[in-house]
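Okay, structure first, notes after.
Below, chain A is the first sequence line, B the second, and so on; all start at residue 1. In this text the structure is predicted, and so the values were computed from the model without any measurement.
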Number of protein chains: 2
Amino acid sequence: MDSSDDGELDSAFLALADPVRRRIISRLSRGPATVNELAEPFAITKQAVSKHIQVLEQAQLVTRTRDAQRRPVHLNPARLEALTAWIGQYRLVREEQFRSLDAVLQSNAAARGTQAKESS
Amino acid sequence: MDSSDDGELDSAFLALADPVRRRIISRLSRGPATVNELAEPFAITKQAVSKHIQVLEQAQLVTRTRDAQRRPVHLNPARLEALTAWIGQYRLVREEQFRSLDAVLQSNAAARGTQAKESS
DNA sequence: CCTTTGATCAACCTATTGGTTGTTAACGCT
DNA sequence: AGCGTTAACAACCAATAGGTTGATCAAAGG
């Protein structure tokens, strides 16, 4: 359950680790758009944007349909949910995490006397 | 609001775009651990794991405290929430997205006759 | 038919990533 | 003091990512 869809998470997180691609996602959330439309706000070539879209497509964050010579790009919200699902696992442990952190700090301090933090 | 913390999102998503680092996050959700403990389940050197932790630290997904010569690594759940927050923006638009997608497909089909999808 | 528009493919360059080995620093133990 | 452990730092290497230019393909439209 943790390492089964490693590749999927890899590509999805990697795809979002770029401001251009996040911008594209943001724009697509307002509706489908073509490569040219998506490339317009950026100072890079359309080819570069096309590559970015390929990355998003491989990550299954977007899909493309054919409409004559246009290739509209559509957002695939399901993949975004998969990411929140992964992160959500660890949000659940949050309070427990704080407790255990506290416990460890205290036990360490107790075990070694008063030299807890760095002295400079 | 969208591009203000680009760098932060960059580093955070990039940090999670690696199975080793996600594994580390997963392990840290069960409590703090040292580099050696974190490195144990992996077939790579401790130095490599140390680098991964540096990446996670730069992304502020984890923090480190000093305890003598040990440097326990702790999860920082706040950063994870920042990611879900970003993704959440677009989850909100989901139903609207589906509507607009539908609208575009229909308008396209109507505008060009019946040659909607690819033929083969 | 030929041109324009939309988008991809291919080759190439540079910077960064993930990994290695080797060395060095801080601390604990006896 | 000297040894072993924990972890970081530095230099290096192979692979990949992001970007460019130039050529090509496919569909619309004169």
Give a yes or no on whether the backbone of Gly7(B) and the side-chain of Ser11(B) come within a donor-acceptor separation of less than 3.5 Å.
yes
Do the side chain of Lys46(A) and the base of dG6(C) come within less than 3.5 angstrom through a donor-acceptor pair of N or O atoms?
no
Can you tell me if Thr34(A) touches the phosphate of dA7(C), counting only side-chain N or O atoms and a distance under 4.0 Å to OP1 or OP2?
yes
Does His52(A) put a side-chain nitrogen or oxygen below 4.0 Å from OP1 or OP2 of dG19(D)?
yes
Would you confirm whether Arg21(A), through its side chain, and Leu14(A), through its main-chain N or O, come within 3.5 Å as a donor-acceptor pair?
yes
Taking any heavy-atom pair under 4.0 Å as a contact, classify Gln47(A): base, sugar-phosphate, or nothing.
base
Phe13(B) CZ to dA17(D) P: how many Å, rounded?
18 Å
Whole-Å gap separating C1' (dT5(D)) and CD (Glu37(B)):
14 Å
What's Thr45(A) touching, base or sugar-phosphate or nothing? Going by heavy atoms closer than 4.0 Å.
base
Nucleotide nearest Asp18(B) (side chain, heavy atoms from C-beta), chosen from dT20(D), dT8(C), dG18(C)
dG18(C)
For Ile44(B) and dT21(C), what is the distance between atoms CD1 and P respectively, to the nearest whole Å?
12 Å
Leu38(A) atom CG is separated from dG6(C) atom C1', nearest whole Å, by 13 Å
Of the candidates dG6(C), dT6(D), dA8(D), the side chain of Gln69(B) sits closest to dT6(D)
Consider the side chain of Val55(B), meaning its heavy atoms from C-beta on, and name the nucleotide among dG18(D), dG18(C), dA28(D) that approaches it most closely.
dG18(C)
Compare the minimum distances between each of dA7(D), dC9(C), dA7(C) and the side chain of Gln54(A), then state the nucleotide with the smallest one.
dC9(C)
Please give, in whole Å, the distance from dT20(D) P to Phe42(A) CZ?
12 Å
Taking only side-chain N and O atoms of Arg70(B), does any of them lie within less than 4.0 angstrom of OP1 or OP2 on dG28(C)?
no
Please figure out whether Arg64(A) or Lys51(A) has its closest DNA chain C nucleotide nearer the 5' end.
Arg64(A)
CZ of Arg71(A) to OG1 of Thr63(A): how many Å apart, nearest 0.5 Å?
11.0 Å
Give a yes or no on whether the backbone of Ser26(A) and the side-chain of Arg30(A) come within a donor-acceptor separation of less than 3.5 Å.
yes
Can a side chain N or O of Asn36(B) be found less than 4.0 Å away from OP1 or OP2 on dT5(D)?
no
Let me know the distance between CG of Asp67(A) and P of dA26(D), rounded to the nearest Å.
17 Å
With clusters defined by side-chain heavy atoms of hydrophobic residues (ILVMFWY) lying less than 4.5 Å apart, directly or transitively, does Val55(A) cluster with Ile25(A)?
no
Is there a side-chain contact between Glu8(B) and Gln60(B) in this structure, where contact means two heavy atoms from C-beta onward sitting under 4.5 Å apart?
yes
Options dA7(C), dT17(C), dA7(D), nucleotide nearest the side-chain atoms of Leu14(B):
dT17(C)
Identify which nucleotide among dG18(C), dA7(C), dG18(D) has an atom closest to any side-chain atom of Arg21(B), counting heavy atoms from C-beta outward.
dG18(C)
Please check the phosphate of dA7(C) (OP1 and OP2 only) for any side-chain N or O of Ser50(A) closer than 4.0 Å.
no
